[in-house]
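All remarks here apply to the structure that follows.
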Amino acid sequence: MNKKSKYLISILSLTIIAIFFEIFYLSSFKSLKQTQIDEKLSLLKVTALPDLAISTEAMYIRHRSLADTFSIFKESPELREYFPSTFVYSHSHIFSNTPSKVINEK
Amino acid sequence: MKSKINLYLIEYAINSILRQKFKNIFILFIFILLTSILASIFFISNSIKYELNSTLKALPQITVQKLKAGRHYDINTNVVDEIINIAGVTDAIPRVWGYYYFANLGANFSIIGIDEYENQYKTSLNKIIKEFDFSKALENNSMIVGEGVKKALNENYYNEYFNFIKPDGTFKKVNIAGVFKSSLELESNDTILLPKELALEIFGMDDSKATDIVVKVANPEEIPTVANKIKLLYPDTRVITNKDLEISYQNIFDYKGGIFLAVFIVAIFTFFIIVYDKASGLSSEEKREIGVLKALGWKIEDVLKEKFYESFIISFFGYIFGVLIALTFVYVFNAPLLSNLFSGYSELKTSFQLPFVLDVNTLFLLFFLTVPIYIASTIIPSWRSATIETDKVLR
């Protein structure tokens, strides 16, 4: 075996070890622990409301699965992307045409 | 026939890769980029899905909403007595909840009123709040808020209390007594939890009214039957079962998943174009090399083996590095930029940690979409030129 193949095999084994190490590290430190799941379950027991608190701009996108029968459909059945919270990034705060909103921008 | 890994062929393959350093580094780079982007996207969506599905069990089995003029309307609490009498129903709880639009921020808070005297809440509440005794919440006029609400109120100089504006225009001062644990941010970021009486007052609702009714059924098999019975008893209601909630979750993911699918398709197409370009023919130099090797006495088999090693080294390295980068990017650095695809932009933004789930299916899918295709795209044209007569190739 020459030098190059030795390097190759050692790099390969190093990366494979790195992957296993990282998976081990993540599953022991970054995964949801049972206590956290229990906490989530007890929160839901109290509130009994579904959906994640990701979008909060309008009623029908928070607790979307409990929204009014027609609340989404009066806008559009497939929820078109016109609402800031479904966009990836915030709109420009330098120039704003909507004075009622976004007053306390940093 | 005994087949052993031929080390000399591997050495030759390494040398051959290094001979065309820049081309191969470029291919490796593209490979790593592709696999890491795809893997990160899959990891993010899997984590959020996992987060939602892990709490799906705790959701109410049936939710009964009253509809009036096609809109959600307050339901009478005396309905509860009749629903409890339905066979199979263990409990029916009238619930008061709703949204409070905080105009300074342009965001909705979810206000949830609970019965502070009910025992079932006490143990649950102790688990999820940092430090607070909810039993005197009504006397103290106090509420528990999510991390996002707390932050938003602080920014607006409400450090200890908040003035809710009631529907009749008067203020209702409510003290902030506790904050939800930050590990629950994804569920409770915009939540305000207070005693039912306070919630009724803030919403300007009658004592005999509730927002909706949560029904608990002992046997999960009976949920559709009970739902049908409620629907027959009260034709003016909308009955939502936990199955419906599950379907609506799926819809949300299908909708956002569409964006991912678009990215995925673009990436795969790019990859296929590269592969097609490689498969449509070897450069004359490579053909010449194969010809020389054959003239030196290599069998077709040896040439193909060497080409296999060559492409396997590149693609396998690309794959492994891609997965490694994706794991680090998503779970160690919390996927900056990419996670915004899912969470979007919002005034009350959650800063959640993506929980790690090892998704073997995704890893296999990525592997079989990239590595074998790349190997095939190298081997097939080599096989084509290796089977041509040597003197023809060399000439």
Side-chain angles (χ1 to χ4, degrees), chain A residues 1-2 4-5 7-8 11-12 15-16 18-19 22-23 26-27 29-32 35-59 62-71 78-79 84-91 100-104, chain B residues 7 10-11 14 52 54-55 58-60 63 67 70-72 95 97 99 104 106-108 110 112 114 121 124-125 127-128 155-156 181 183-184 186-191 214 238 240 245 248-249 252 255 313 320-321 323-324 327-328 331 340-341 343-348 350 355-358:
Chain A
M1 218 193 289
N2 67 3
K4 279 170 192 163
S5 7
Y7 279 137
L8 177 87
I11 291 173
L12 193 67
T15 43
I16 289 173
I19 278 205
E22 183 157 20
I23 286 174
L26 290 174
S27 54
F29 292 106
K30 297 272 179 175
S31 60
L32 272 186
T35 51
Q36 280 174 313
I37 294 178
D38 287 345
E39 280 171 359
K40 280 178 203 296
L41 291 179
S42 35
L43 176 80
L44 276 198
K45 223 188 213 167
V46 172
T47 63
L49 287 173
D51 297 357
L52 301 176
I54 287 174
S55 298
T56 46
E57 257 78 353
M59 286 99 86
R62 175 72 169 120
H63 309 307
R64 199 186 300 207
S65 31
L66 284 183
D68 287 13
T69 322
F70 306 107
S71 56
E78 82 280 10
L79 184 72
S85 61
T86 56
F87 284 109
V88 177
Y89 288 105
S90 128
H91 52 87
S100 64
K101 256 194 80 201
V102 202
I103 298 163
N104 56 336
Chain B
L7 274 178
I10 294 181
E11 271 165 27
I14 297 169
L52 255 182
S54 65
T55 53
L59 288 176
T63 313
L67 292 184
R71 288 184 198 183
H72 183 195
R95 206 162 54 150
W97 66 277
Y99 303 100
N104 271 359
N108 281 281
S110 304
I112 295 151
I114 65 161
Y121 291 128
S124 304
L125 275 174
K127 264 190 192 169
I128 53 177
E155 275 166 19
N156 289 284
K181 281 189 178 164
S183 58
L184 298 166
L186 204 48
E187 283 86 6
S188 70
N189 195 41
D190 66 335
T191 302
V214 168
R238 187 163 78 111
I240 304 162
L245 293 183
S248 100
Y249 277 2
I252 295 170
Y255 167 69
I313 288 169
I320 287 215
F321 274 116
V323 170
L324 202 62
L327 279 175
T328 320
Y331 294 117
N340 287 9
L341 263 187
S343 62
Y345 154 76
S346 174
E347 292 290 344
L348 264 186
T350 56
F356 172 69
V357 234
L358 181 64

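Since the structure is predicted, the reported quantities are computational estimates derived from the model, not experimental observations. Letters go in sequence order (proteins before strands), and every chain restarts at 1. Heavy atoms only: backbone and side chains are in, while hydrogens, waters and symmetry mates are out.
The line from CD1 of B/Ile320 to CD1 of A/Ile19 is 5.0 Å long, rounded to the nearest 0.5 Å. Here A/Leu8 contributes atom CG and B/Ile313 contributes atom CD1; the two are 5.0 Å apart, rounded to the nearest 0.5 Å. A/Asn2 CG to B/Leu7 CG: the interatomic distance, rounded to the nearest 0.5 Å, is 9.0 Å. Of the inter-residue distances, the one linking A/Ser5 atom OG with B/Ile14 atom CD1 reads 4.5 Å to the nearest 0.5 angstrom. In this structure, CD in A/Gln36 is found 8.5 Å from CG in B/Leu184, a value given to the nearest 0.5 Å.
Within the 4.5 Å cutoff, the side chain of A/Glu39 has heavy atoms near those of the B/Ser183 side chain. By the 4.5 Å heavy-atom criterion applied to side chains, B/Glu11 and A/Lys4 are not counted as neighbours.
Highest contact tally toward chain B, considering only A/Ile11, A/Leu26, A/Leu44, A/Leu32, is held by A/Leu26 [criterion: heavy-atom pairs under 4.5 Å]. Your options are A/Thr35, A/Ile16, A/Ile37, A/Leu12, and the one with the most heavy-atom pairs under 4.5 Å with chain B is A/Leu12.
Between B/Leu324 and A/Ala18, the shortest heavy-atom contact is CD1-C, 3.9 Å.
The parts of A/Ile23 that come within reach of chain B are both its backbone and its side chain, each placing non-hydrogen atoms under 4.5 angstrom from that chain. For a residue to count as touching a neighbouring chain, one of its non-hydrogen atoms must lie under 4.5 Å from one of that chain's; by this rule B/Thr55 touches chain A with backbone and side chain alike. In this structure, chain B has a heavy atom under 4.5 Å from the side chain of A/Glu22, while its backbone stays farther away. Within the 4.5 angstrom heavy-atom criterion, atoms from both the backbone and the side chain of B/Leu186 approach chain A. For B/Thr328, the parts lying near chain A are the backbone and the side chain together; criterion is any non-hydrogen pair under 4.5 Å.
Just one residue in the list A/Thr47, A/Leu43, A/Leu49 forms a side chain to side chain contact (heavy atoms under 4.5 Å, CB included) with B/Glu187, and that residue is A/Leu43.
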